[in-house]
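Here's the structure we're looking at; comments come further down.
Remember, it's 1-based here, ligands and their atoms both numbered in the order they're listed. Because the structure is a prediction, the values reported are computed rather than measured.
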Amino acid sequence: MTPDIRFDTVHPVDDRYTPPACGELDEITGVLADGRLSGGAPVLEIYELALAGWFGAARAVAVNSGTSALHATLIALDVRAGDEVIVPATAPLPTAMPILTCGAVPVIVDTAPRSLALDPADVSAKLTSRTKAAITLPLWGYPADDAAAAPLLAAAGVPIIEDACQAHGTKIRGRYAGTIHRAGCFSTHDRKLLATGEGGFILTDDEELAERIDFYTRLGHLKGHVHGVNYKLAGPLAAIGLRRLRGLQRQLQSRRANAAQLLSALPEGGTLAELGYGQTDTPNYYNLVLTAEDSAESFAGGFACAGLPPDSVRYGYQPLYHRPIFAPYATACPNAEALAAATLQIPVHPGMPQAALQWVAGRIRTLSASHAERQRP
Ligand SMILES: *Cc1c(COP(=O)(O)O)cnc(C)c1O
């Protein structure tokens, strides 16, 4: 017997995942017993080593948010007032805000058609002698493969920062997102796959960059040689992250299985399809993302009424320059506009009971069938 679950605009399918207890309290108790709760607690080093090990990066630096991770990385790459930073039009506010925090100028570029990757033609059109960094964004945990734009940026000496805040465990050409370019920035906010409440970390294979980030985020280690801020992650939060990291692989498996179950419900030859990615890529299914080329708006409305509001409805997601604070940096980005308009995000987190997944699959089938009916001449 499946329980009678009903979802609607008032009671949408919950897109927030609360992981079950996995021994976090034991880990926190250890930190409390030690007594050092600050970002100087011994657990921080253990957490950073565990993160570097899990992702296969040379270094991990833990900080107090994904926003801090992005800001500290930009600063450590020498981005200063008046410098330019390339950012895709698909970026949500938290990706681009740290550019403004540096006093730098966001240069918004389009994405490649039907892709989250930076559009190489737009990148080369907008590169200048003041371009100091470029941010790439595997949004919704979907691979952003920048194989086309990366050589252009490398030739110009511009480092790429991966905003992997939604992409823990996403693989691009067989490698984890956040370990492919100069530095990867992650958030461990409650909504992310690894959740510590607030928090974040940076991964890099560049030891010198890791040292600069470490010094910047820890007040220059109070030596007085360099400018620094206090972006340290508190000990008890590192303890939560350390314990939850053990379950990340299982969470990824569960999300992939849930996504596969919903994808198998998509009618053959219908207009709904999964957002595309390369054969050697794997999304982490932060969300399952479907596209409806010709009719996303009517689907978005139908999904919302069925209790499955896509991000465009739930959060008003739209390309960056539609937000007033980024409007002065607006340029024509038709591909990002089309992508934002054509995508539907659906939660597939492990907290969704089987009955909810079946219900969602049923809604997808019904909405596709009624769409096909309307299309009939
Ligand atoms: C969550 C998020 C951030 C910011 O992380 P915080 O920890 O909330 O500061 C940045 N970029 C993206 C894509 C995010 O999803």
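The aromatic rings of F201 and H168 sit perpendicular to each other, their planes meeting at more than 60°, with 30° as the lower class boundary. Relative orientation of the F326 and Y329 rings is tilted, given thresholds of 30° and 60° on the angle between their planes.
The shortest N or O to N or O distance between H189 and ligand 1 is not under 3.5 Å. Between K192 and ligand 1, a contact under 3.5 Å exists for at least one N or O pair.
Applying the salt bridge (Lys or Arg N to Asp or Glu O under 4.0 Å) test to every pair with at least one member in residues 145-156, sequence neighbours left out, gives these pairs: D145-R173.
Residue contacts with ligand 1, taken as heavy atom pairs separated by less than 4.0 Å, do not involve E198 at all. With a 4.0 Å cut-off on non-hydrogen atoms, D163 touches ligand 1 through its side chain and not its backbone. Using a 4.0 Å cut-off between heavy atoms, L139 makes no contact with ligand 1 at all.
The protein heavy-atom contact nearest to atom 9 (O) of ligand 1 is T67 OG1, 2.6 Å.
Proximity annotation for atom 10 (C) of ligand 1: of P94, C185, A91, G141, P94 comes nearest, heavy atoms only.
Listed by number with element, the atoms of ligand 1 under 4.0 Å from a non-hydrogen atom of G66 are 5 (O), 6 (P), 7 (O), 9 (O). With ligand atoms numbered from 1 in the order given, ligand 1 contributes 7 (O), 9 (O) to contacts under 4.0 Å with heavy atoms of S65. Taking every non-hydrogen atom of L137 and a distance limit under 4.0 Å, the qualifying atoms of ligand 1 come out as 13 (C). Residue contact check: G199 has heavy atoms under 4.0 Å from atoms 7 (O) of ligand 1.
Geometric assessment of K192 against the ring of Y286 yields a negative cation-pi assignment under the 6.0 Å and 45° thresholds.
Salt-bridge annotation for E84 and R130: present, with a side-chain N of the basic residue lying under 4.0 Å from a carboxylate O of the acidic one. Look at D15 and R191 and you find a salt bridge, because one of the NZ, NE, NH1 or NH2 atoms lies within 4.0 Å of a carboxylate O, short of that distance.
There is a side-chain donor-acceptor pair under 3.5 Å between K126 and T331.
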